[in-house]
Amino acid sequence: MKKRKEEILELAWVGKEKGSFTREDVEKSADDRISPGLLDELIKEGYLKESGRQVSLTPEGEKDARRLIRAHRLSERLFTDVLDIKPQNMEKHACTFEHFLNDEVVDSICTLLGHPRECPHGRPIPAGACCKKALKEVSPIVVPLSELKIGSEARIAYVVTKQHQRLDQLTAFGIVPGATLHLHQITPSYVVRVGETDIALDTDIVRTIYVRCRKTEA
């Protein structure tokens, strides 16, 4: 029952993003286990309010919906960018995963991914406490290789690309998660050293490689 109610809160959040959410939207939901009766319970419990045909989140409902949407969309990024889950399976896994994640785990995932702002579908990911802290106090733990300074040493976290040929090429060069690289040059092209090999990379490729920073030469 709790999971079904949480899914209605998520629908209400998405409706807010689109500018409209009604009872009909609940009835049209792909999940036939979500009933308008649950919507009435959420209204009674103070998570939703209804005015005419429109249904909207109360402050309490918005707080819970924000948490769920944040967990869902960060899960999508994790499954896509790190675990390479196929798009047709990503949504199903994210829908399950989001209901079991506490705030600490969600913030850890967000930090690992470098505080992404959008899910793979281009929808905004609500910022968390870790995002605000990162902006004020420290740089993200994981950043695109393109943000490093010359002389930096970093460990590769993951590569974001749907082009298998490109991924195979990077793997052949030793650019794989866990490998350490050194950035020697950024113009006219990026040059990194992995092991004993110097590798020249185009800017568009560099932006797909995410790394954990270690040190920068003076």
Side-chain angles (χ1 to χ4, degrees), residues 1-135 140 142 158 160 162:
M1 182 72 74
K2 178 184 177 183
K3 181 179 177 182
R4 306 297 169 229
K5 289 183 178 180
E6 288 180 340
E7 288 171 356
I8 291 178
L9 292 178
E10 288 185 77
L11 287 174
W13 180 280
V14 174
K16 183 185 75 168
E17 291 179 330
K18 294 179 178 178
S20 177
F21 179 62
T22 67
R23 285 182 175 270
E24 288 74 16
D25 292 322
V26 176
E27 295 171 355
K28 294 175 183 177
S29 169
D31 191 338
D32 56 13
R33 292 169 293 181
I34 299 177
S35 68
L38 291 177
L39 187 148
D40 289 326
E41 290 185 29
L42 286 166
I43 292 174
K44 185 177 180 180
E45 293 167 0
Y47 292 96
L48 296 173
K49 58 185 178 181
E50 191 170 23
S51 178
R53 294 179 62 254
Q54 293 296 313
V55 178
S56 59
L57 293 158
T58 64
E60 187 66 23
E62 183 160 336
K63 178 181 176 182
D64 280 8
R66 178 187 181 88
R67 173 179 56 80
L68 290 163
I69 288 290
R70 175 169 160 77
H72 181 100
R73 294 177 180 175
L74 281 170
S75 295
E76 289 182 330
R77 283 250 71 103
L78 177 68
F79 293 145
T80 300
D81 300 344
V82 180
L83 303 182
D84 197 27
I85 301 295
K86 295 180 179 180
Q88 58 266 35
N89 297 324
M90 173 190 66
E91 182 71 20
K92 177 182 67 175
H93 291 308
C95 284
T96 301
F97 208 49
E98 70 195 37
H99 299 285
F100 301 100
L101 299 178
N102 61 34
D103 291 342
E104 181 180 1
V105 174
V106 171
D107 281 353
S108 294
I109 292 172
C110 186
T111 301
L112 169 67
L113 299 177
H115 309 285
R117 296 184 179 182
E118 294 182 344
C119 75
H121 303 99
R123 298 166 182 162
I125 299 174
C130 64
C131 304
K132 297 174 184 177
K133 183 178 180 180
L135 288 174
V142 176
Y158 55 89
V160 181
K162 295 181 180 179

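Keep in mind that this is a model prediction, so the values were computed, not measured.
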Q: Provide the closest heavy-atom pair for P116 versus C110 in the form atom of the first, atom of the second, distance.
A: CD-O, 3.8 Å
Q: State, yes or no, whether a side-chain contact exists between R117 and P124 at a heavy-atom distance under 4.5 Å.
A: no
Q. To the nearest 0.5 Å, how far apart are CG in L39 and CD in E50?
A. 6.5 Å
**Q.** R73: side chain to side chain donor-acceptor pair (under 3.5 Å) partners, not counting sequence neighbours
**A.** E17
(Q) side chain to side chain contact (heavy atoms under 4.5 Å, CB included), that's the test. Do L42 and I8 meet it? Break it down for me. (A) CA-CA 9 Å; L42 286 166; I8 291 178; 3.6 Å; yes
Q) If you look at every heavy atom in E60 and Y47, which pair is closest and at what distance? A) CG-CE2, 3.7 Å
Q) What is the distance from atom CZ of R4 to atom CD of E41, rounded to the nearest 0.5 Å? A) 13.5 Å
Q.
For E62, give me all partners under salt bridge (Lys or Arg N to Asp or Glu O under 4.0 Å), at least two apart in sequence or on another chain.
A. K16
Q | pair L9-L48: side-chain heavy atoms closer than 4.5 Å | A | yes
Q: Please identify each residue that fulfils side-chain contact (heavy atoms from CB on, under 4.5 Å) with E24, with sequence neighbours left out.
A: T22, E27, K28, R53
Q | Contact summary for G128 and R70, nearest pair of heavy atoms | A | N-NH1, 3.2 Å
(Q) Using 0.5 Å steps for rounding, measure from the CG atom of L113 to the CZ atom of R77. (A) 8.0 Å
Q.
If the test is side chain to side chain contact (heavy atoms under 4.5 Å, CB included), which one of T111, V105, D107 qualifies with I109?
A. V105
Q: Check R23 against V55 and note the closest heavy-atom contact, atom names and distance.
A: N-CG2, 4.3 Å
Q) Are V14 and E10 close enough that some pair of their side-chain heavy atoms sits under 4.5 Å apart? A) no
Q.
Restricting to non-hydrogen atoms, name the atom on C131 and the atom on H115 that form the minimum distance, rounded to 0.1 Å.
A. SG-ND1, 3.6 Å
Q: Sequence neighbours left out, what passes side chain to side chain donor-acceptor pair (under 3.5 Å) with K63? Give chain and number order.
A: none
Q: Keeping the roles fixed (side chain from T58, backbone from G61), state whether a donor-acceptor pair exists under 3.5 Å.
A: yes
Q | Closest contact, heavy atoms only, W13 versus A65 | A | CE3-CB, 3.8 Å
Q.
Any side-chain to backbone donor/acceptor pair from E118 onto I125? Under 3.5 Å, distance only.
A. no
Q: Give a yes or no on whether the backbone of N102 and the side-chain of R67 come within a donor-acceptor separation of less than 3.5 Å.
A: no
(Q) Using the side chain to side chain donor-acceptor pair (under 3.5 Å) criterion, which residues pair with S56? Sequence neighbours excluded. (A) none
Q. Going from SG on C119 to CG on L78, what distance comes out if it is rounded to the nearest 0.5 angstrom?
A. 13.5 Å
Q: Can you sort out the partners of D64 under side chain to side chain donor-acceptor pair (under 3.5 Å), two or more places apart, ordered by chain and number?
A: none
